[in-house]
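Report on the following structure.
Numbering starts at 1 and runs along the sequence shown. Since the structure is predicted, the reported quantities are computational estimates derived from the model, not experimental observations.
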Amino acid sequence: MKKKLVKTILASAMAATLLAGCGKSDGGTTAAKDTTAATEKATEAKSTEAESAEAVDDAAKAKEVADLIDAIYVQERTDETDELCAKAKAAWDALTDAQKEMVEGEEADPDYFGRDTGDASKDDPLNADNIGEKEILVVSFGTSFNDSRAQDIGGIEKAIAAANPDWSVRRAFTAQIIINHVQARDEEKIDNVDQALERAVTNGVKQLVVQPTHLMHGAEYDELTAALAKYEGKFESVSIAEPLLGEVGADATVINDDKKAVAEAVVSEAVTSAGMESLDKAAEEGVAFVFMGHGTAHVAKVSYSQMATQMQQLGYKNVFIGTVEGEPEETACDKVIEQVKAAGYKKVILRPLMVVAGDHANNDMAGDDEDSWKSMFIASGAFDSVDCQIEGLGRIPAVQELYVAHTAAALSTGGSSAAPATEAAALKDGEYQAKFTTDSSMFKVNETLNDTGTLTVKDGKMTIHISLQSEKIVNLFPGKAEDAEKDGAELIQPTKDQVTYSDGAVETVNGFDVPVPYLDKEFDLALIGTKGKWYDHKVVVATPAS
């Protein structure tokens, strides 16, 4: 019994073992599959987590560069500028190609460091010391496009240097944003105006001539004259040469020899670059040339209208003037497109009316974005072809010669004036009717007077009496609003003038006797109204007709 029982138990155990073994085999396969799946999921999770962490790291590194670019994309130099420029470049160089494509900020993008604009080593920043007692400081807005900087700005500087071998030619840019860009990307240091003037003082310069390469007497020119004013007494003589287009003038009809020379030079160069026989031949073939300037809200914007007038007077019927900013209004891209369409031209060649072929020429004019001039002309569907010439004015020999002539004129004055203009000495004592124009439709001469005032010249001084539109402007100040608000500021008090309208109505308005520092060039004139707030304005008094 005992053995039988043992056998029975063993048999049962074996059967159970066999059954268990069979069950274990199925269960083991399933468990293995589950384990493999779990492992794969864990690995996938770790991989996803790693990729996520890597993506976060990529974004963080790209953002660091973007933040550094935004920090140096400013118009003011600080004690930290050099360090920030170096940090930005080092951080950029440490990025992978994929990370570089992720750089994006308020002003930052991959092109800031990544775009190839030419060889920076071909450019000379002209910032050496030990320069002697006579300096010509060539002041430009500037460009970060290396090739254009060397050809356009460098071309002007070299032409001036060649014409004046006894003078040291040095460079300054007014755009700190551009200075920082070039320094960070290419390690080329260009002086801003203050740095250049300090360098001149340190070097013992006695005679200083400043030649702006700016197109006109605009905001940049005003800032330049203001910067020079701070160095009064630091040099024995200082003179400022004319910008490219010369004096502004009162309205769109006022042109001069400078504007004529520029018009002839840029049109000739454009025709040659297009491989055409002549401008007239281009017109016969249905080709229009559109020259794109920057544009400005400054009172000097009339210079673009004057250039359009000059083109007409030269008989350049297939030449049009536009501006990036669309100021004056008739120079906006859509307005220019309509002008070219209305004239019947089917082919368009775009070219910058700018000293340098920089960002505006490459992007705003010739870029592929839908808001570039090239894209908008194409999108209009009105033209068979739209081509671009990316060449600045500064590389044209005739333009370089004009700058040389302006520098020579400033040299001939003996450096006695920091703001060249038609002086009162050129007019005999007496009264004249002169155009008085401003940068605001709300601040102008009364409509009955056709934008004119009475200019009085006496003992070498000039004042102009203007009658305004009403009595709402209660005081004027010859300068900036911030200075008008200072204690002791001498305000121009109003007179009570009567004006008679075409319907016979008579009205009393405020009039003012405004000091005129010079003619044909804008100057500051602040005003305060009945609401008690001061406003800055620019005005121009034109040379009276003889």
Is the distance between the ring centroids of His214 and Tyr221 less than 6.0 Å?
-> no
Could you tell me whether Arg149 and Asp123 make a salt bridge, using a distance below 4.0 angstrom between a side-chain N and a carboxylate O?
-> yes
Got a second to check how far Leu411's CG is from Lys134's NZ, nearest 0.5 Å?
-> 8.5 Å
Before accepting this row, confirm whether a basic side-chain N of the pair Lys538/Asp439 lies closer than 4.0 Å to the acidic partner's carboxylate O.
-> no
Residues two or more places apart in sequence or in another chain: which of them pass side chain to side chain donor-acceptor pair (under 3.5 Å) with Thr309?
-> none
Taking atom CD of Glu80 as the centre, report whether more than 12 heavy atoms of other residues, nucleotides or ligands fall under 6.0 Å from it.
-> no
Assess the pair His465 and Phe512: is the distance between their ring centroids shorter than 6.0 Å?
-> no
Can you sort out the partners of His360 under ring-ring contact (aromatic ring centres under 6.0 Å, His included), two or more places apart, ordered by chain and number?
-> His294
Does any donor atom in the side chain of Asp147 or Gln151 lie under 3.5 Å from an acceptor atom in the other side chain?
-> no
With distance as the sole criterion, is a donor-acceptor pair present between the side chains of Ser305 and Glu330 under 3.5 Å?
-> yes
Just by distance, with hydrogens left out, do Asp520 and Thr543 show a side-chain donor and acceptor under 3.5 Å apart?
-> yes
Who passes salt bridge (charged side-chain N to carboxylate O under 4.0 Å, His left out) against Glu391, sequence neighbours left out?
-> Arg351
May I ask you to say whether Asp191 pairs ionically with Arg171, meaning some side-chain N is under 4.0 Å from a carboxylate O?
-> no
If you measure only the distance, is there a donor-acceptor pair under 3.5 Å linking the side chains of Thr448 and Asn446?
-> yes
For Asp67, the salt bridge (charged side-chain N to carboxylate O under 4.0 Å, His left out) test, sequence neighbours excluded, returns Lys63
Would you tell me whether Asn127 and Gln195 have side-chain atoms, one donor and one acceptor, within less than 3.5 Å of each other?
-> no
Tyr501 and Glu507: side chain donor to acceptor below 3.5 Å | yes
For the pair Phe523 and Tyr518, name the ring-plane relationship: parallel under 30°, tilted 30 to 60°, perpendicular over 60°.
-> perpendicular
Salt bridge flag under 4.0 Å for residues Asp483 and Lys486 | yes
Sequence neighbours excluded and cut-off under 3.5 Å, please list the side-chain donor-acceptor pairs for residues 468-479, or say none.
from, atom 1, to, atom 2, distance (Å)
Ser470, OG, Lys472, N, 3.1
Glu471, OE2, Lys496, NZ, 2.9
Asn475, ND2, Ile492, O, 3.3
Asn475, ND2, Gln493, OE1, 3.2

Parallel, tilted or perpendicular: ring planes of Tyr73 versus Tyr112, cut at 30 and 60 degrees = tilted
Salt bridge (charged side-chain N to carboxylate O under 4.0 Å, His left out) against Glu522, all qualifying residues, sequence neighbours excluded | none
Heavy-atom neighbours of Asp257 CG exceed 12 at 6.0 Å = no
What's the spacing between Ile396 CD1 and Glu401 CD if we round to 0.5 Å?
-> 11.5 Å
Can any side-chain N or O of Arg185 pair as donor or acceptor with the backbone N or O of Ser144 at less than 3.5 Å?
-> yes
